[in-house]
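In what follows, chains carry the letters A, B, and so on, assigned in the order in which the sequence lines appear, proteins first and then strands, with residues in each chain numbered from 1. Bear in mind that the values here come from a model prediction, so they are computed numbers and not experimental data.
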Amino acid sequence: MNNNYTTIDSLSQHTNREVSIAGWLYNKRGSGKIQFIIIRDGTGLCQCIIEKGKVSDELFEQLKHLGQESSLSVTGTIRADERSVGGYELAATDAQVICPAEGYPITPKSHGIDFLLKNRHLHLRSHLQWCIGKIRHTVIDAVRRFFNDNGFTLIDTPIFTAIAGEEQQSLFEVDYFGSPLHLTQTGQLHLESAAMSFGRVYCFGPTFRAEKSKTRRHLTEFWMVEPEVAFIELDGLLELAENFVSSIVARVLKDNKSQLETLGADIASLEKITPPFYRLTYTQCVEILTSERARGFLAGQLQEMQEQKQQTEAKIAELEKQQAGQIKQWQRDKNAAELIELRSELAEINTKIENNPKHAQLAAEFTWGKDLGGSDETIISQMHDKPVFVTHYPKQAKAFYMKTDRENEKVVLNFDLLAPAGFGEIIGGSVREDDYERLVARINEQGLNAENYEWYLDLRKYGSVPHGGFGLGIERTVAWITNQKHIRQCIPFPRMMDKVYI
RNA sequence: UCCCCGAUAGCUCAAUUGGUAGAGCGAGCGGCUGUUAACCGCUAGGUCGUAGGUUCGAGCCCUACUCGGGGAGCCA
């Protein structure tokens, strides 16, 4: 940095010294002859104390009327104080308003998601978004560190691509000098060819899927990291994946504890994320889903939710009764705020109660051969306290490139990794079919045009080896670690089905 | 594409069986020397998503449409 401002995250090194900080007005409170203004500078928050008499009267008045998100610099002495946000505060002697702001739309109170997304360019300044952004940064750094430290070579795969990794998926089509081309939905096929050169490789970049999915787990543009390894079998891939995910979580726990706390993440359960993870086959999952145990588990959940619903309704009724009677104004206001919260809580519980029997039915009627649905994965994941590998899916439900299990031709050597506590899938991967004839047969079976896959088939002609890899969704991983309901909070500028705000 | 829910002040939400549209926050003014989403008093702020219908009377009931939220399928 070549300016004279001290960053807020380094204030502890400047105790009892005079410094200047520069940032934006995050929040302020006034009390006659003293004002508390909280400044954010991108590295943290700092409370500045403005006392009448310690600064000029003109400045005191100016600061008193300064709007949220005005930019300014403040000079003063740093002192430790437990009452202050970061543990340190600045006793101001001078300040300079750089650009006053009026009517900033995002107030410190609650807002709806639609409003926040429309104001995404400003919402990024809010504290929770800042915490998520910091953790996303750590996750991405940990991803690169893990592969770079374990003998992997980074290979950048193309964004424009002629062939598809998964069949029957909608891809975004672009006009490429008059011919149709697609935006990549995976770097895997190209990565396989690179694995035959470098042995262990990975790619990391944006990926695009035109799936018309309106759920908390879907974006049309998201970031995915994909390792690919030559000479590896399914067991090796699972080990790689669990070490990889564990290293990411450990790194976030080390670097971002305070952000995790702010976001209300479940730190105790994150500390449990160490190898080995649970391993289930698809067939075992089907058994669990259709079992008495799963039925009981869901019924138990339903009962819990209904009790929760009754309690919430009772609380609402009690508060409404109070509101109708004669009570003090401050109590009335407090009740009103609590009612709003309870009502939205109730709406959420009702949705869950409504969905529970549907999901129970889907699980109970699950038959071998179908792909696991989102709700099925949620159930399996809720029944475990650590991530769960699900392996050996039916061949007909999976992509052409997955290697058929030679010991059971009905299934493929693939796996999904389900994050715990109902977060669902964060990784999908497989051993790749390495036999030329079998791969051609699979391509034809799925009605794909083998001509388009000539170069991919070449890899099976010239020194084919057992190999495999997987893809990890960055936003899903961040959402799981930070305890966010929706992955749109975990990417700075989310792109969703039929919707791009900014 | 299908199912469920919603749209009221800048924001978050209320409005009992259809009967004169309310609160908090935010904004403005004033008060208070340690606040933590501070607090207290006052002020301003609304064609109740759009179009039609039922009714003496519609924010509330009916129909269509638009937009949004959640879920299913599909997936990271």
Toward the 5' end of RNA chain B, which comes first, A:Asp416 or A:Pro105, by nearest nucleotide?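 That would be A:Pro105.
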Start at the 5' end of RNA chain B and walk down; is the nucleotide closest to A:Asn355 or to A:Gly473 reached first?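 Between the two, 5'-proximity favours A:Asn355.
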Among [options], which is the nearest nucleotide to the side chain of [X]?
| X | options | result |
| --- | --- | --- |
| A:Glu89 | B:G73, B:C74, B:U35 | B:U35 |
| A:His65 | B:G71, B:C29, B:A76 | B:C29 |
| A:Asp114 | B:G26, B:A76, B:G68 | B:G68 |
| A:Arg79 | B:C74, B:G34, B:G70 | B:G34 |
| A:Glu354 | B:C4, B:G73, B:G68 | B:C4 |
| A:Ile49 | B:C74, B:G34, B:G71 | B:G34 |
| A:His359 | B:C74, B:C75, B:G71 | B:G71 |

Below 4.0 Å: OP1/OP2 of [N] and any side-chain N or O of [X]:
| X | N | result |
| --- | --- | --- |
| A:Arg29 | B:A38 | yes |
| A:Asn27 | B:A38 | yes |
| A:Arg488 | B:G70 | yes |

Just name whichever nucleotide pairs with B:C67, Watson-Crick or G-U, keeping both distances under 3.5 Å, else none.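 Checking every strand shown, B:C67 finds its partner in B:G6, with both distances under 3.5 Å.
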Is there a Watson-Crick or G-U wobble partner for B:U36 with both distances under 3.5 Å, and if so, which one is it?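 None - no nucleotide pairs with B:U36, as no candidate has both distances under 3.5 Å.
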Using a heavy-atom cut-off of 4.0 Å across all strands, would you classify [X] as base, sugar-phosphate, or nothing?
| X | answer |
| --- | --- |
| A:Gly424 | nothing |
| A:Glu377 | base |
| A:Gly103 | nothing |

Evaluate the ring planes of A:Tyr282 and A:Trp368, with Trp represented by its six-membered ring, and classify them as parallel (under 30°), tilted (30 to 60°) or perpendicular (over 60°).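 Perpendicular: the ring planes of A:Tyr282 and A:Trp368 meet at over 60°.
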To the nearest angstrom, how far is A:His111 atom NE2 from B:C11 atom C1'?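 Result: 6 Å.
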